[in-house]
Amino acid sequence: MNEIATVLDRAGILTPEQREHWKMAWLSTVDHKRIGILYMVTGLVFFVFGGIEALLIRLQLAVPNNTLLHPDTYNMVFTMHGTTMIFLVAMPVLFGLANYIVPLQIGARDMAFPRLNAFSFWLVPFGGILLHFSFLAGGAPAVGWFAYAPLSETPYSSQPGVDYWALSLLVLGIGSVGANINFIATVLCSRAPHMTLRRLPLFSWMIFVNAFLVILALPVLNAGLVMLLIDRLLNTHFFLVPGGSAIMWQHIFWAFGHPEVYIVAIPAFAILSEIIPVFSRKPIFGYEFVAGSTVAIAFLSLGVWAHHMFTTGLGHTVDLFFVASSMLIAIPTGVKVLNWSATMIGGRLRFDTPMLFCVAALVQFLVAGLTGVSHASAALDWQTKNSYYLVAHFHFVFVGLIVFTILGALHYWIPKMSGRMLSERLGKWSFWLMVVGFNMTFIIQHFLGLAGMPRRVYTYADLPGWAWMNMVSTIGAFFMAAASLLFVWNLIVSLLHGRKAGDNPWKAWTLEWATTSPPPHENFHNLPPIRSRRPLWDVANPDRPDPVVGSRGDIDQFRPERNKTSIVAFIISETGFFTVLILAFLYYNATPQPGPNPHELDLFKTGLFSVCLFASSFTIWRAETGLRHNNQRRMIGWLSATIVLGGIFIGGQGLEYWHLFKSGVGVNSNLFATTFFTLTGFHGLHVCVGLIALFVLLGLALAGDSKKRPWPGLDAIGLYWHFVDVVWVVVLSVVYILPRIR
Amino acid sequence: MKSLTVLDPQSPEARAIYHLAIVSGIIFGLIFIIVAGMIVFALMRYRWREGAADPNQLAGSKTVEIVWTLIPCLIVVALFLLTWQTMGASDPPAPATPDIVITGHQWWWEARYPKSGVVTANEIHIPAGTPMAVQLESADVLHEFWVAQLTRKMATVPDHPNHIWIQSDQPGTYLGVCSEFCGTQHAWMHFLVVAETPEQFAAWEKAQLAPAKIPASGSAAQGLALFQEHSCMNCHAINGTAAAARIGPDLTHFASRKILGAGVVENTPANLRRWLTDPQQIKPGVKMPDYKFSEAQVSQLADYFETLQ
């Protein structure tokens, strides 16, 4: 155990007192470096689970008409494989890496909110355990990672597996949003003085852009999961006939699901943009274009989801819109690939393990991109969708690009984290095993798909060519398993006995290499001057420094307050959540239906308590003014008034619910009742959360805490409270007023 | 041997997609060769040598960026137009009334011919050379109808009928599958499309419309009696008997069909006996339970089903 303690100690920079209780020190840490490592280790543990599931899939498919696994077991295995690899491997590892690297690259001491950071991380093991607990609770979900309704609904999946799946994704989704609000606040508010946004290293820049994508996309999934859970647990029918719509689930899921692909791909792009220049000994070709194309990709990715639904029957007009938007993404993506390739031209290429993984990832991603365009072409997708051609395509993205870049990144940055180099010899062995194994497994699957093999079949007939192609694929999978084992072995051996890394083993140029390996607890003792995008190049080459970006002494003027920034980011994410619920209300109530309807709602009474809520926006503004004028009594008075008004609103809503329940209207009465209770209920929940926050503020203020300057909590909570009011304006119009006008 | 390949199209609809695949395959191939060639060139030409100084620190070129943004734009426009054209050719608008209504069930296919009244399962007959309008429906969850050699694939969605065309240039038998995951036995939700000459097709329709013959005596008659007194009738229909349920496949002309259990085995007397002995053994999870028939009962039932030509 002492060995482990020493290694962990080196990686986590424990003080002598902490060394005594190193387990506790890791469990209770709020340091971004240790949290980053915890994320990655958690991801690695789940990678073992997901990897074993992958091998089981390939073993079952190795020969035709195989009976190794029962069909239900096989269906659970592929569902868990997909869910695990995306939510419990790719996302945690990439967020962990970003957690470790971003604060260092921007010269910060830590993330903007260290405790939020720890909370976001601990939701990952919690969600993972929740998901895997389903094995003990009557069987894992067996519905595929996108859990298409109505198969995922109670009549067709009566076991609780899907409930655990949805709950766990909800937990993980909340964790992801928390982590990425933190990235946004960190990049905006915690940069070193001279690290302007235009000087940001591309890795940090892309993580920053990606964070916006996460906070926009994940809440959409959360809304869908909530609706699915309400369907399953409260017997409603959002996605079940009669009345409900299976296609609605697809829209919601893919409105999250396609951005999700980029959520894990953009960090991979970020890694390529960092490693390829360093090992080409040249700056990235076209920094602005690589950065700008990331924004374009993130933006476009929000409007392409229905290319997953070309065979659902949406009609040619809708299909063509999504053909166009999906093909457009190829342009910024192509620009990126060409820029990375151009970075290598004219360079001095060093083929250390990180670079090997990145070059392979680049070529494999080129293939993935091209087959991706073939899926964007609806007519081709009408044949290749849901076949092994599609399986091959997305594994070229998820493994060919993402896993390869992650391995490259680990070989590149682990020396920084541990202070010791990984073995190049073992690294190259695992690289070649991985390249051979990966391409053996997945190139052939394109052809299997063209030969007609559909995905998610637990076995298959001995059709022409299928048997040998599947066998080749299975053998390749075991090469990949060997490569992974070798990597873990390399990790263990090198952490214990590796060569000392020194501060900057790769002669790289960004700030994380300007500090010791591993960095001290406070990250930097002193920072080099930051005038360009490559501060360490300027230090090493005083005779030919990079051109200055901005003006020489530029201190970034744009440095918002972190509490407000985080609340604004949080509001952006909540907007996504409520947009889905509001659109769902509009969609499901477009035609009147038997049972309770909007006309039965009491607009007058609701209007009365709505006025109280709107008035509370005024009172909290008065409280803020009071604080600004340093008038404690006035501030506390207005704050109390806000709480009273909010309380009246919640009381009024409770009364309305009570009357509805008494007259026999429940959440499962009809789709109006379902959407009404879901939308107003979640709004009410947000009001309650706001009230709790206001009570905390009031308590702090009464205890004299608000005499401290600055006291940013009130402004931040005020923003949230205004947001809750604005949502109610929309809900009131859509639920109470609009049906009366029509 | 039957095949599912998309590379051997047998209808104008499938051929339109195939041609687009060839054209775009060539475009993608060229792009791959150019870009991968550029990367390989860099790997060969610009290797680092011990002691080499850092190269010229070229940080980009606006002209180059504009050029390689515009070229993909043009390619994308071309691919979009080609896709648009192919979509029209491979999936023309549907008529008001379909020729065949196909319903996906967990885990088999029901085919109804509304114009003649034929109902069958897992084996769809069409006249060669005539496009047939198909309406796709679902009885439970999502399924996806895919006959790679004949037409585009399309999902069956509850309460959302979809429409496609199916046709075959020549007489022949084609394999189809469900390609959207639909539960335990998604893997065995195959079906056959049998394209025949118009005369053969007319004869087939006529034969399918005839009620099942009632065996007068012997083992087959005992089989029919068994069929009627057990709960078989709760799910299956046999035209000419009291059985009229539409939960499971229509069995009126069961013996004329080539596959059993939606393709899990061929429809032979031996397989039929295995199936009746314990369907769960052959197709685990199938909705038909194991009735624990005795060997004699299996034999009588099988004898009866074999008369259902």
Side-chain angles (χ1 to χ4, degrees), chain A residues 70-72 75 144 148 150-151 156 241 246-247 281-283 285-287 289 311-313 316 319-320 323-324 327-328 330-331 334-335 337-338 341 344-350 359 362-363 366 370 373-374 377-380 382-383 385-387 450-452 454 456-460 463-464, chain B residues 1 3-7 17 20-21 24 28 31-32 35-36 38-39 42-43 46-48 52 54-60 65 68-69 72-73 76 79-80 83-84 86-87 90 140-142 144 146 148 152-155 157-160 162 177 179-187 284-285:
Chain A
H70 186 276
D72 283 329
N75 297 342
Y148 266 3
L151 183 65
Y156 307 105
V241 290
I247 296 180
R281 308 309 304 154
K282 261 180 70 195
F285 192 88
Y287 174 99
F289 291 87
T311 62
T312 307
H316 285 198
D319 283 359
L320 275 169
V323 170
M327 283 187 174
L328 278 180
I331 298 166
V335 166
V337 170
L338 290 165
S341 311
M344 296 197 287
I345 290 179
R348 298 279 181 276
L349 304 189
R350 300 195 50 155
V359 170
L362 182 56
V363 178
L366 177 60
L370 293 170
V373 179
S374 75
S377 166
L380 294 178
W382 290 345
Q383 280 284 25
K385 165 110 188 285
N386 283 340
S387 75
L450 295 179
R456 295 175 168 175
V457 289
Y458 76 94
T459 191
Y460 53 90
L463 290 166
Chain B
M1 210 170 199
S3 133
L4 273 165
T5 180
V6 301
L7 302 177
I17 298 178
L20 177 64
S24 28
F28 296 150
I31 297 175
F32 180 81
V35 180
M38 187 168 143
I39 296 169
L43 297 185
Y46 298 106
R47 299 189 72 126
W48 180 80
D54 282 338
N56 179 24
Q57 300 294 301
L58 177 67
E65 299 282 356
W68 70 32
T69 309
C73 285
V76 160
L79 280 173
F80 175 78
T83 300
W84 191 351
T86 310
M87 284 167 72
S90 61
D140 36 52
V141 300
L142 301 176
E144 202 166 68
W146 190 27
R152 63 164 294 183
K153 62 170 60 115
M154 183 62 118
V157 185
D159 267 11
H160 179 93
N162 279 326
V177 292
S179 53
E180 184 66 80
F181 180 65
C182 55
T184 310
Q185 275 297 343
H186 163 60

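Numbers restart at 1 for each chain; the letters A, B, ... are given by sequence-line order, proteins then strands.
- Both the backbone and the side chain of A:H316 come within less than 4.5 Å of a heavy atom of chain B.
- Contacts with chain A were tallied for B:V177, B:T86, B:L20; B:L20 has the most, counting heavy-atom pairs under 4.5 Å.
- Side-chain contact check for B:K153 and B:S179: no donor-acceptor pair (N or O, by modelled atom type) lies under 3.5 Å.
- Here the closest heavy-atom approach between residue A:K282 and residue B:N56 is recorded as CG-O, 3.6 Å.
- Contact annotation for B:C182: only backbone heavy atoms (N, CA, C, O) come within less than 4.5 Å of a heavy atom of chain A.
- Taking each heavy atom of A:T312 and B:N162 in turn, the nearest pair found is O-ND2, 2.9 Å.
- Inter-residue side-chain proximity for B:L79 and B:S24 is flagged as met; some heavy-atom pair is nearer than 4.5 Å.
- Taking chain B as the reference chain and counting heavy-atom pairs below 4.5 Å, the highest number among A:P283, A:S374, A:A324, A:G286 is found for A:P283.
- Atoms CD and CH2, from A:Q383 and B:W146 in turn, are 6.5 Å apart once rounded to the nearest 0.5 Å.
- The candidate from B:V157, B:V76, B:T69 with the greatest count of non-hydrogen atom pairs under 4.5 Å with chain A is B:V76.
- Options B:Y46, B:F80, B:W84, B:F28 differ in how many heavy-atom pairs under 4.5 Å they form with chain A, and the most are formed by B:Y46.
- With chain B as partner, the option from A:G334, A:S377, A:A330, A:G144 having the largest number of non-hydrogen pairs under 4.5 angstrom is A:S377.
- When A:V373, A:V457, A:L370, A:D72 are compared by the number of non-hydrogen pairs under 4.5 Å with chain B, A:L370 comes out ahead.
- For B:W68, the ring pair (Phe, Tyr, Trp, His ring centres under 6.0 Å) criterion is met by A:F285, not counting sequence neighbours.
- Note: A:L450 leads A:V335, A:T459, A:L450 in heavy-atom pairs under 4.5 Å with chain B.
- If you measure heavy-atom distances from A:A246 to chain B, the contacts under 4.5 Å come from the side chain alone.
- Using a 4.5 Å cut-off between heavy atoms, B:Q57 touches chain A through backbone and side chain atoms alike.
- Ranked by non-hydrogen atom pairs under 4.5 Å with chain A, the options B:A148, B:G285, B:P55 are led by B:P55.
- Closest non-hydrogen pair, B:P158 versus A:V241, comes out as CB-CG1, 3.9 Å.
- Looking at A:Y460, only its backbone comes within 4.5 Å of chain B, counting heavy atoms on both sides.
- Heavy-atom pairs under 4.5 Å with chain A were tallied for B:R47, B:M38, B:H186, B:E65; the largest tally goes to B:E65.
- The shortest distance between side-chain heavy atoms of A:M344 and B:L43 falls below 4.5 Å.
- Contact count versus chain B (heavy atoms, under 4.5 Å) is highest, among A:P150, A:A378, A:P454, for A:P150.
- Interface residue B:T184: backbone and side-chain heavy atoms are both found under 4.5 Å from chain A.
- Crowding of B:W48 atom CH2: a count of heavy atoms from other residues, nucleotides or ligands under 6.0 Å exceeding 12.
- The side chain to side chain contact (heavy atoms under 4.5 Å, CB included) check on B:V35 picks up A:V337, A:L338, A:S341, A:L366, B:I31, B:I39, with sequence neighbours excluded.
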